[in-house]
Amino acid sequence: MCGIAGWVGYGHDVTRHEDSARAMTATMVCRGPDAGGVWTGRHVALGHRRLAVIDIEGGKQPMAAGFGVAPEAVVTYSGEVYNYRELRAELSARGHRFRTESDTEVVLQAYLEWGESFVERLNGMFAFALWDTRTEELLLVRDRMGVKPLVYYPTDDGVLFGSEPKAILAHPLAEPVVDAEGLREVFGLTMTPENAVFRGMYEVRPGSMVRLSRRGLRKIRYWQLQSRPHTDDLDTTVGTVREILDDTVRRQLVSDVPLCSLLSGGLDSSAVTALAARALAEEDGGRIRTFSVDFTGHAERFEANAVWEAPDAPFVKEAVAHIGTDHEDIVLDNAQLLTPEVRGAVLRALDLPTVTGDMEYSLYLLFQAVRARSTVALSGESADELFGGYSHFHDPEAVSSATFPWHLPFRRAGGQDALRVTGLWDRLDLGAHIDQRYKESIADVPALPGESPREARMREISHLHLTRFVNFLLDRKDRISMAVGLEVRVPFCDHRLVEYVFNTPWAMKTFDGREKSLLRAATRDVLPRSIVERKKSPYPSTQDVRYELALRERVTALASGDSPVLDLVDPKGLRRLLERPVGSYGIGGPYSGRAVMERLVDLDAWIRGLGVRFVPEAG
């Protein structure tokens, strides 16, 4: 896992501006603390920062390959290709010779053998830039689900690119400008593919490539979800889900550095941990190390609500005993979430205001503690999007509403109300923005002829989550973990599993009347009954009232000071926001009014810290 950056300028002699490329690359040190390098040609600079995971000595980058004296292709690469051993064997049989044991070299040789179609052969999470020295063309590639980030910024004569916006913004050709459309993405929870918030900057869409030549820039989608009839019966379907999960977890255990699993006591993380523990035991008799997060005094002050039914700790304990892991609890004090050091580190990691507030701060502290003990972690992320775990999948009002289904809990938890009170809802015309983005999202859903109206609608709901909502979760996970140099792997994003489960009928996904029926059935044999039967519980959020009181103090300071946020919101509205009783705006998550308050505080720090300049409309 690594950080990449670079610049192609056909009208420049880039070798004379290597300092700019090095400045871009330097912003990625957090993602790659082990090594770094810059490769330059007349019109290109490729930068790399490395977190060494596979082939510690041989995998240094940027890496060049070719059959002649001069390199034919050079790559700067972030991620892991889990089937690289099979590809290496196939390429060796075709005459390719390898100097290293790294998956990076396999990617290079695969390109030389098969051209740009090689990406269809890769199984993994990756984002990379490949420069073909023969044609002087750049290929930017992102994995199918968008596990690894990649953004780019077209210029008059080429492009700037990087793992994160900060890499691009370190170049003098780029400016940190945000217009109204960018702010709509910050506050609208629409997660529009390709939108990177900063004006002129774009994400490479998941499952896509961007090819740059002297003729211009061309986007290519090499993968997207397709609708196909599902012909397997229930037993076969459950067995296939388990078979794919077993295979992908085993593949993702490959590492030359310490590996662990993140364990919350929920179904998703417990299933991944149990399958990993079984695979390790069969391989060498080893045990897997696990980590969980909790807050000081959380069990004593916990109150059940519509989102959290019970604290995680008792379920974590049962999972550890049943699976047999070497476990450590990471217990956080709420005061840590409010320190300038933590909040500043998270803001720098995201390059944007937080979406879930305290969850992102606690996630940073968890990852920081885990990184002190391990370099790679397995996660249960994305199972809810895939198997239908969220409550709004099962809420008739959310399902039938002509909008993003995750907006119903946003309304119920006071989030949209908070936006209206501050004036942001009307000023940004968020209603129209959400409607437009929703219509675009639905138009992108591949229909399956002959489906019942109910199945067709649930296919739409699933597609929205797998192409929109999951973007936020994967980006949050990647940015915050890589801010401390921790690689987090997500087995549930294996594209074979995603394709199969997406096309499984909703009636089969809920065959026992519960959420995530298929996952429960597929992993029941390796888990304690309490976890198999446990209701979905999201990542924990602090319930300490002192946290909200401290947050309100910060919003009060915004309302009464000279904050640049006051150019965007109604100061009287901010004060009305604070008149509501403590706790009335809910707790945690992207849906609550408390999260909106977090975002306003972050917005102030974001503007000041990055020197962001706002312009009123897109342009």
Side-chain angles (χ1 to χ4, degrees), residues 1-32 34-52 58-66 70-79 81 99-100 102-112 116 118-119 126-142 148-155 157-174 201 204 209-214 217 482:
M1 202 58 58
C2 308
I4 68 174
W7 173 27
V8 173
Y10 291 112
H12 288 76
D13 180 352
V14 173
T15 59
R16 299 178 62 183
H17 302 278
E18 190 173 320
D19 55 336
S20 294
R22 292 195 177 279
M24 296 172 71
T25 305
T27 65
M28 297 289 97
V29 168
C30 58
R31 299 183 67 93
D34 296 329
V38 174
W39 183 92
T40 58
R42 181 170 176 78
H43 300 301
V44 61
L46 304 179
H48 188 265
R49 289 297 314 186
R50 187 179 186 215
L51 176 65
K60 296 177 181 178
Q61 296 184 48
M63 184 180 289
E72 296 178 73
V74 187
V75 73
T76 179
Y77 170 88
S78 169
V81 171
R99 297 176 289 103
T100 75
S102 71
D103 58 334
T104 304
E105 189 177 11
V106 172
V107 167
L108 265 175
Q109 299 287 4
Y111 172 76
L112 293 177
E116 68 180 34
F118 83 105
V119 69
F126 47 82
F128 57 87
L130 192 151
W131 177 254
D132 191 318
T133 62
R134 301 163 300 185
T135 61
E136 291 196 316
E137 293 183 342
L138 180 75
L139 195 65
L140 300 175
V141 182
R142 194 173 180 200
K148 302 311 299 176
L150 183 57
V151 290
Y152 66 100
Y153 187 98
T155 65
D157 68 339
V159 72
L160 307 171
F161 66 86
S163 294
E164 300 174 6
K166 62 174 64 68
I168 291 172
L169 296 175
H171 195 285
L173 288 177
M201 191 182 299
V204 176
M209 301 181 285
V210 173
R211 179 175 281 283
L212 177 74
S213 70
R214 293 178 183 276
L217 185 147
M482 293 307 295

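Counting begins at 1 with the first residue of the sequence.
- Ring geometry for Y10 against H43 counts as tilted: the plane angle lies between 30° and 60°, on a 0 to 90° scale.
- Rounded to the nearest 0.5 Å, atoms CZ (R31) and CD (E164) are 4.5 Å apart.
- Panel note: side chain T133, backbone E72; a donor-acceptor pair is recorded below 3.5 Å.
- Residues satisfying the salt bridge (Lys or Arg N to Asp or Glu O under 4.0 Å) criterion with R42, sequence neighbours excluded, are D13.
- Heavy atoms only, all atoms of each residue included: L217 and V210 are closest at CG-CG1, 3.6 Å.
- Residues T15 and T40 have side chains in contact (heavy-atom distance under 4.5 Å, counting atoms from C-beta outward).
- With hydrogens and angles disregarded, a donor-acceptor distance shorter than 3.5 Å links the side chain of R142 to the backbone of V204.
- Looking at heavy atoms from C-beta onward, C30 lies out of side-chain contact with K166 at the 4.5 angstrom threshold.
- Side-chain atoms of Q109 do not come within 3.5 Å of backbone N or O of A65 as any donor-acceptor pair.
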- Message: Using the rule given for side-chain contact (heavy atoms from CB on, under 4.5 Å), can you reason through M209 versus L130, listing the C-alpha separation, both sets of side-chain angles and the distance that settles it, and then say yes or no?
- Response: CA-CA 11 Å; M209 301 181 285; L130 192 151; over 6 Å; no
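- Here H17 contributes atom NE2 and L173 contributes atom CG; the two are 9.0 Å apart, rounded to the nearest 0.5 Å.
- A donor-acceptor contact shorter than 3.5 Å is absent between the side chain of R49 and the backbone of V29.
- Using a 4.5 Å heavy-atom threshold, the side chains of L150 and I4 count as touching.
- Put simply, the side chain of V75 reaches to within 4.5 Å of the side chain of T104, judged on heavy atoms.
- For the pair L108 and M63, the tightest heavy-atom approach, listed with the atom from each and the gap, is CD1-O, 3.2 Å.
- Side chain of T76 to backbone of G47: a donor-acceptor contact under 3.5 angstrom is found.
- Here R211 pairs with E116, E137 under the salt bridge (Lys or Arg N to Asp or Glu O under 4.0 Å) rule; sequence neighbours left out.
- Here the closest heavy-atom approach between residue S78 and residue K148 is recorded as OG-CE, 3.9 Å.
- Shortest non-hydrogen contact noted between G37 and T25 is O-CG2, 4.2 Å.
- A distance-only check finds no donor-acceptor pair linking the side chain of H171 to the backbone of S20 [under 3.5 Å].
- In this structure a side-chain-to-backbone donor-acceptor pair under 3.5 Å is missing from R50 to G36.
- Across all non-hydrogen atoms, the minimal contact from A174 to L160 is CB-CD1, 4.1 Å.
- Under the 30°/60° scheme for interplanar angles, the aromatic rings of F128 and F118 are found to be tilted.
- A distance-only check finds no donor-acceptor pair linking the side chain of Q61 to the backbone of H48 [under 3.5 Å].
- For D157, the salt bridge (Lys or Arg N to Asp or Glu O under 4.0 Å) test picks out no residue, with sequence neighbours left out.
- Here the side chains of L138 and F161 are in contact, with some heavy-atom distance below 4.5 Å.
- When all heavy atoms of M201 and I168 are compared, the closest pair comes out as CE-CG2, 3.8 Å.
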